[in-house]
Amino acid sequence: MISIIDYDAGNIKSVEKALQFLGEDAIITSDRDVILASDAAILPGVGAFGDAMGRIRSRGLDKTIYEFVDTGKPFLGICLGLQLIFKESEESPGVTGLGLLDGKIVKIPSDYPDGTFLKVPQIGWNDIEINPKSRLFAGIEGKPYVYFVHSYYLKADNPEDVAARTTYGVTIDAAVERGNVMATQFHPEKSSEVGLTILKNFINL
């Protein structure tokens, strides 16, 4: 069974439906005992970094997440869930994230010195460059397209943690993987067959 961690963030049901489509038992829960008993856990979400961390801490879910990660079982952050596993975000100065991996979350710039203007948030399909060593992307070839919705992006401190990158005006660390902790800035549950393959790889870890 996979726990989808519930902290009143959006995009919960679409993750559940994708897992069910793959034949996986999934439960949306904020119950510590249920999460710790699960085979894997997913932290999804859309919204603001500071508000999300406030809700997570008010429910004691930060402690539960640390306990779960310490078990060594697979843990996946999606979209805002990726950002929350890092320590800080420009979106919410002074708010401390989970700090599971090292890096910063920064705003996607819209204006560039050459006169280029990009719409922020980035909404839509972008190709990604995959780290061939990544377990999340096993069996996926070339530069597949996945679906993004975000205004802030990750600059990972450790290049070896980066499982995939994309470009949207700047180079974006689009997925990370270290031990049992993994995350994607894009939405695998909305990324067609490629996304389902990523979720299947996660399930099979």
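Since we're looking at a predicted model, the values are computed, not measured. Position 1 is the first residue of the sequence; numbering continues from there.
Atom NZ of Lys190 sits about 13.5 Å away from atom CZ of Phe148, to the nearest 0.5 Å. Put simply, OG1 on Thr29 and CD1 on Ile2 are 14.0 Å apart, with the number rounded to the nearest 0.5 Å. Rounded to the nearest 0.5 angstrom, Gln185 CD and His150 NE2 are separated by 5.0 Å. From Met53, atom CE reaches atom OG of Ser89 across 11.5 Å, with rounding to the nearest 0.5 Å. From Lys63, atom NZ reaches atom CZ of Arg57 across 10.5 Å, with rounding to the nearest 0.5 Å. Of the inter-residue distances, the one linking Asp6 atom CG with Ile35 atom CD1 reads 9.0 Å to the nearest 0.5 angstrom.
Hydrophobic clustering, defined by side-chain heavy atoms of Ile, Leu, Val, Met, Phe, Trp and Tyr closer than 4.5 Å, groups Tyr153 together with Val106, Ile108, Tyr112, Leu118, Val120, Tyr168, Val170, Ile172.
Without hydrogens or angle criteria, Asp111 side chain to Phe117 main chain gives no donor-acceptor distance under 3.5 Å. Using a distance-only test at 3.5 Å, with no hydrogens or angles considered, a donor-acceptor pair links the side chain of Ser38 to the main chain of Val34. A donor-acceptor contact shorter than 3.5 Å is absent between the side chain of Asn158 and the backbone of Asp161. Put simply, the side chain of Thr171 never gets that close to the backbone of Thr167: no donor and acceptor are under 3.5 Å apart. Put simply, the side chain of Tyr66 never gets that close to the backbone of Leu61: no donor and acceptor are under 3.5 Å apart. Proximity of a side-chain donor or acceptor of Asp127 to a complementary backbone N or O of Tyr145 within less than 3.5 Å is not detected.
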Take Phe137 and Val194 through the side chain to side chain contact (heavy atoms under 4.5 Å, CB included) test and state the conclusion after the steps.
-> CA-CA 9 Å; Phe137 296 97; Val194 169; 5.8 Å; no
Check against side chain to side chain contact (heavy atoms under 4.5 Å, CB included), Leu19 and Ile42 | CA-CA 11 Å; Leu19 293 172; Ile42 295 177; 3.9 Å; yes
Where do Asp157 and Lys104 land on the salt bridge (Lys or Arg N to Asp or Glu O under 4.0 Å) test, with the steps shown first?
-> CA-CA 8 Å; Asp157 285 355; Lys104 295 184 294 185; over 6 Å; no
Derivation of the side chain to side chain contact (heavy atoms under 4.5 Å, CB included) call for His187 and Val46 | CA-CA 10 Å; His187 291 270; Val46 295; 4.0 Å; yes
Derivation and outcome, salt bridge (Lys or Arg N to Asp or Glu O under 4.0 Å), residues Lys133 and Glu160 | CA-CA 10 Å; Lys133 297 179 181 179; Glu160 61 269 26; over 6 Å; no
Decide side chain to side chain contact (heavy atoms under 4.5 Å, CB included) for Ile12 and Ile4; before the verdict, give the C-alpha distance in whole Å, the side-chain angles of both, and the deciding distance to 0.1 Å.
-> CA-CA 7 Å; Ile12 296 282; Ile4 302 168; 4.1 Å; yes
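Residues Val181 and Pro74 fail the side-chain proximity criterion, which asks for heavy atoms closer than 4.5 Å. Between Ile28 and Lys13 there is a side-chain heavy-atom pair separated by less than 4.5 Å. Taking the side chain as every heavy atom from C-beta outward, Phe186 and Ile78 never approach each other to under 4.5 Å. When side chains are defined from C-beta on, Val162 does not count as touching Asn131, because their heavy atoms never get closer than 4.5 Å.
Annotation for Glu129: atom CD does not count as buried by contact number, only 12 or fewer foreign heavy atoms lying within 6.0 Å. Around atom CZ of Phe21, no more than 12 heavy atoms belonging to other residues, nucleotides or ligands sit under 6.0 Å away.
No continuous path of hydrophobic side-chain contacts links Ile27 to Leu199 [ILVMFWY only; heavy atoms under 4.5 Å]. Hydrophobic clustering keeps Val149 apart from Val146 (ILVMFWY residues linked when any side-chain heavy atoms are closer than 4.5 Å, directly or through intermediates). A continuous path of hydrophobic side-chain contacts links Leu80 to Leu100 [ILVMFWY only; heavy atoms under 4.5 Å]. Cluster membership for Leu82 and Val95, using ILVMFWY side-chain heavy atoms within less than 4.5 angstrom, is shared. Grouping the Ile, Leu, Val, Met, Phe, Trp and Tyr side chains by contacts below 4.5 angstrom, directly or via other members, places Met182 apart from Leu101.
Look at Glu67 and Arg32 and you find a salt bridge, because one of the NZ, NE, NH1 or NH2 atoms lies within 4.0 Å of a carboxylate O, short of that distance. A salt bridge does not link Asp8 to Arg55: none of the charged nitrogens lies less than 4.0 Å from a carboxylate oxygen.
Taking every heavy atom of both residues into account, Leu43 and Phe75 meet most closely at CB-CZ, 3.8 Å. The heavy-atom pair separating Glu90 from Tyr152 by the smallest distance is C-CE2, 4.0 Å. Pairing each heavy atom of Ala37 with each of Lys73, the nearest pair is C-NZ, 3.9 Å. Here the shortest heavy-atom pairing between Ala41 and Phe202 reads O-CZ, 3.6 Å. The two residues Leu136 and Thr184 make their nearest non-hydrogen contact at CD1-CG2, 4.3 Å. Closest heavy-atom contact between Ile5 and Pro44: O-CD, 3.7 Å.
Under the 30°/60° scheme for interplanar angles, the aromatic rings of Trp125 and Tyr147 are found to stand perpendicular.
With sequence neighbours excluded, the residues satisfying side-chain hydrogen bond (donor to acceptor under 3.5 Å, both in side chains) with Arg135 are Glu177.
The closest side-chain donor-acceptor pair between Thr116 and Asp114 falls under 3.5 angstrom.
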